[in-house]
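Chain naming here is simple, since letters A, B, ... match the order of the sequence lines and numbering starts at 1 in each. Just so it is clear, the model here is predicted, and its values are computed rather than measured.
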Protein chains: 2
Amino acid sequence: MSIASAFPDQAFTQGCPTRVVLDHVMSKWSPLVLAALSDGEPLRWSELRRRAEGVSEKMLAQTLRMLEQDGLVLRHARPVVPPHVEYSLTPLGQGLVERLVPLMTWIAEHADQILE
Amino acid sequence: MSIASAFPDQAFTQGCPTRVVLDHVMSKWSPLVLAALSDGEPLRWSELRRRAEGVSEKMLAQTLRMLEQDGLVLRHARPVVPPHVEYSLTPLGQGLVERLVPLMTWIAEHADQILE
DNA sequence: CCGTATCCTACCTGATACTG
DNA sequence: CAGTATCAGGTAGGATACGG
């Protein structure tokens, strides 16, 4: 029996790869970083820190490394002084944010209702 | 400047109610509980424990209380012995899962690609 | 059957300092 | 500018035992 009829039987069972990806995508800062990149425009480290308001340097680094390893975010470092590094979505990452943004939009529209 | 052009300016800024709701919805077990209820059929505590494979009793209780307080999940206790309690989605919760399920479906379809 | 209470650990956070 | 390193403190989450 799967968790819900919408998914294949083995999806989101314990130890399933889907569970790992779900945890990555749903981690505290991933949605904010992914949403910030959703416009398609590459962003620099400092700009990402401003957009994901409240993120520590440690957690931003950790989140970006994770998303890069997952093939969702691309890191492009230009070898200049001072360093210039840009982050953008991979095609895979774009597919993800196309589903993520509607969810976040819904939350933005209904947050008041939810917290009274 | 908002986090991304898709959202209103104040959305997902630090301390904004949207941030609280985002954290609730993206918490470790919420997606699995909400997805389990997405079929529309009310589920009992023991069935939810089976569907959200790996969840501890403490975290299931905490997650359900949170979702109930947020007005996303409805708790219906029938006063019988032994106790019979059912959980289901509120209309608000249904609106949420309509956006959540496509995201989780995408993850189920692309998890292999992501983890190589 | 449906939870609560307790304890314990792991991670997140925040601050600070430092490097190419 | 774009990070890494380290350490102290708090909080989310896990394991287990017990109660209505």
Side-chain angles (χ1 to χ4, degrees), chain A residues 1 12-16 19-34 36-37 41-70 73-88, chain B residues 12-16 19-37 41-70 73-88:
Chain A
M1 182 61 168
F12 305 114
T13 52
Q14 208 170 6
C16 176
R19 200 60 94 72
V20 178
V21 176
L22 185 69
D23 284 344
H24 286 191
V25 172
M26 301 283 181
S27 74
K28 188 166 177 59
W29 298 105
S30 287
L32 294 173
V33 168
L34 292 169
L37 295 171
E41 189 197 354
L43 295 182
R44 305 181 65 175
W45 167 275
S46 48
E47 181 62 20
L48 282 171
R49 277 215 71 190
R50 270 188 295 274
R51 303 275 193 117
E53 220 177 284
V55 71
S56 68
E57 296 189 332
K58 181 180 164 184
M59 291 315 296
L60 181 56
Q62 205 170 107
T63 302
L64 284 171
R65 260 201 308 267
M66 185 180 67
L67 295 175
E68 194 193 352
Q69 275 207 318
D70 288 349
V73 161
L74 201 68
R75 181 183 188 275
H76 181 65
R78 284 198 274 154
V80 293
V81 179
H84 187 101
V85 183
E86 285 186 339
Y87 296 90
S88 58
Chain B
F12 305 114
T13 52
Q14 207 171 5
C16 178
R19 200 59 95 73
V20 178
V21 177
L22 185 69
D23 284 345
H24 286 191
V25 172
M26 301 284 181
S27 74
K28 190 166 177 56
W29 299 104
S30 287
L32 294 172
V33 169
L34 291 169
L37 295 171
E41 191 197 352
L43 296 182
R44 304 181 66 175
W45 166 275
S46 47
E47 181 62 20
L48 282 170
R49 277 214 71 190
R50 271 187 294 274
R51 303 276 191 116
E53 220 176 282
V55 70
S56 67
E57 296 190 331
K58 176 184 166 182
M59 290 316 298
L60 180 57
Q62 204 171 108
T63 302
L64 284 171
R65 261 201 307 269
M66 185 180 67
L67 295 175
E68 194 193 352
Q69 274 207 318
D70 288 350
V73 162
L74 200 68
R75 180 182 190 275
H76 181 66
R78 284 199 274 153
V80 293
V81 179
H84 186 100
V85 184
E86 285 186 338
Y87 296 91
S88 58

Any N/O donor-acceptor pair, B:Glu57 side-chain to D:dA17 base, under 3.5 Å
yes
May I ask you to verify if any side-chain N or O of A:Gln62 is less than 4.0 angstrom from the OP1 or OP2 atom of C:dC12?
yes
Is A:Trp45 close enough to D:dT4 that one of its side-chain N or O atoms is under 4.0 Å from OP1 or OP2 there?
no
Lys/Arg N to Asp/Glu carboxylate O, A:Arg50 vs A:Glu47, below 4.0 Å:
yes
Out of C:dC12, D:dG14, C:dC1, which nucleotide sits closest to the side chain of B:Pro83?
C:dC1
Quick one: is D:dC1 close enough that its OP1 or OP2 comes under 4.0 Å of any side-chain N or O from A:Arg44?
no
Rounded to whole Å, how long is the line connecting atom CD of B:Glu53 with atom P of D:dG14?
14 Å
Using a 4.0 Å heavy-atom cut-off across all strands, classify B:Ser46 as base, sugar-phosphate, or nothing.
sugar-phosphate
Heavy atoms from C-beta onward define the side chain here; which of C:dC2, C:dT13, C:dC7 lies closest to that of A:Lys58?
C:dT13
Provide, to the nearest angstrom, the distance between the CG atom belonging to A:Leu43 and the P atom belonging to D:dG3.
13 Å
Using whole Å, report how far CZ of B:Arg49 lies from C1' of C:dC1.
12 Å
How long is the line joining CD of B:Gln14 and C1' of C:dG14, in whole Å?
12 Å
Among the nucleotides D:dT4, C:dC1, D:dA2, which one has an atom lying closest to any side-chain atom of A:Ala61?
D:dT4
Give B:Arg65 one of three labels, base, sugar-phosphate or nothing, depending on what nucleic acid heavy atoms sit under 4.0 Å from its own.
sugar-phosphate
Report the distance from atom CE of B:Met66 to atom C1' of D:dA12, rounded to the nearest whole Å.
11 Å
Which listed nucleotide (D:dC1, D:dG13, C:dC2) is nearest to the side chain of A:Pro82?
D:dC1
Okay, side chain of B:Glu53, backbone of A:Thr13: is any donor-acceptor separation there less than 3.5 Å?
no
Hey, does A:Arg51 have a side-chain heavy atom less than 4.5 Å from the side chain of B:Phe12?
no
Atom NZ of B:Lys28 and atom P of C:dC12: how far apart are they, to the nearest Å?
11 Å
Taking the side chain of B:Met59 as heavy atoms from C-beta outward, which of D:dA2, D:dG13, C:dT13 is closest to it?
D:dG13
Just how far, in rounded Å, is C1' of D:dA2 from CZ of A:Arg78?
14 Å
What is the distance from atom CZ of A:Arg75 to atom CZ of A:Arg65, rounded to the nearest 0.5 Å?
10.0 Å
Within the pair A:Trp29 and C:dC11, is there a side-chain N or O less than 4.0 Å away from OP1 or OP2?
no
Nearest-nucleotide 5' precedence on DNA chain D, A:Glu47 against B:Gly54
A:Glu47
Atom-to-atom span, CG of B:Leu60 to C1' of D:dG14 - whole angstrom
14 Å
A:Arg44 and A:Glu86: which non-hydrogen atoms are nearest, and at how many Å?
CG-CG, 4.1 Å
At 4.0 Å (heavy atoms only), tell me whether B:Arg75 reaches a base, stays on the sugar-phosphate, or touches nothing.
sugar-phosphate
For the residue pair A:Val55 and A:Arg49, what are the closest heavy atoms and their distance?
O-NH2, 2.9 Å
